[in-house]
Amino acid sequence: MTLNIRVIAPDKTVWDASAQEVILPSSTGQLGILSGHIPLLTALDIGVMRVRIDKEWIPIVLLGGFAEVEKNKITILVNGAEEVSDIDSEQAQTNLDNAERMLSEAMNPKAKIEATQNIRKARARLQALATLSS
């Protein structure tokens, strides 16, 4: 049996395919879903979703949202998502370096929160690229 996985961002459907397994970056840690999983609604964190189709793992960066699992169907509503093919490794590293610099220079709580979010996004992009190359 397979899972039907659909990832929906505000501007487009990012993913709509069947797979054997998915690992989600939930707010409480990594969450593995196989066919026959009990119904579930969970918050998603910024991180890498990994989808297994046959023996290949495909990483997708999720920028927070929610996932609903019901009857081998996973619907994922996210604030944003990026496929690895759209990520430039040099730009991701530059973004991480800039965000870390912004965090060290942050003068107020809002700036610290924004820099921390940017660090998490850049790290997720780099992690997705590393997953693809391993």
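Because the structure is a prediction, the values reported are computed rather than measured. Each residue takes its place number in the sequence, starting with 1.
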S.K.: Using the rule that Ile, Leu, Val, Met, Phe, Trp and Tyr join whenever any side-chain heavy atoms are under 4.5 Å apart, tell me whether I5 and L44 fall into a single cluster.
M.R.: yes

S.K.: Side chains of R6 and T13: does their closest heavy-atom pair fall under 4.5 Å?
M.R.: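 With C-beta onward as the side chain, the pair touches.
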
S.K.: Among V78, I60, I8, I76, find the one that has a side-chain contact (heavy atoms from CB on, under 4.5 Å) with W15.
M.R.: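 Between W15 and the candidates, side-chain contact (heavy atoms from CB on, under 4.5 Å) is satisfied uniquely by I60.
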
S.K.: Quick test of your reading of the model: are R120 and D45 salt-bridged, counting only N-O distances below 4.0 Å?
M.R.: yes

S.K.: Do you reckon I53 sits in the same ILVMFWY cluster as L3, going by side-chain contacts under 4.5 Å, direct or chained?
M.R.: yes

S.K.: Check whether any side-chain heavy atom of I58 lies under 4.5 Å from a side-chain heavy atom of M49, and answer yes or no.
M.R.: no

S.K.: Assess the residue pair L62 and I46 against the criterion (side chain to side chain contact (heavy atoms under 4.5 Å, CB included)); give the C-alpha distance rounded to whole Å, side-chain angles, the decisive distance to 0.1 Å, and a yes or no.
M.R.: CA-CA 6 Å; L62 302 182; I46 295 171; over 6 Å; no

S.K.: Would you sort out whether V14 and E83 count as a side chain to side chain contact (heavy atoms under 4.5 Å, CB included), showing the intermediate values?
M.R.: CA-CA 8 Å; V14 178; E83 295 186 68; 4.1 Å; yes

S.K.: Linking I/L/V/M/F/W/Y whenever their side-chain heavy atoms sit closer than 4.5 Å, directly or via other members, would I23 and V61 fall into one cluster?
M.R.: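 Unlinked, I23 and V61 end up in two clusters.
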
S.K.: Restricting to non-hydrogen atoms, name the atom on V22 and the atom on I74 that form the minimum distance, rounded to 0.1 Å.
M.R.: CG1-CD1, 3.3 Å

S.K.: Would you indicate whether the side-chain heavy atoms of Q20 and T2 approach each other to under 4.5 Å?
M.R.: yes

S.K.: Check whether any side-chain heavy atom of L103 sits under 4.5 Å from a side-chain heavy atom of R101, and report yes or no.
M.R.: no

S.K.: Does one side chain, of S18 or N4, offer a donor that lies under 3.5 Å from an acceptor on the other?
M.R.: yes

S.K.: Compare all side-chain heavy atoms of E114 with those of K112 and state whether any distance is below 4.5 angstrom.
M.R.: no

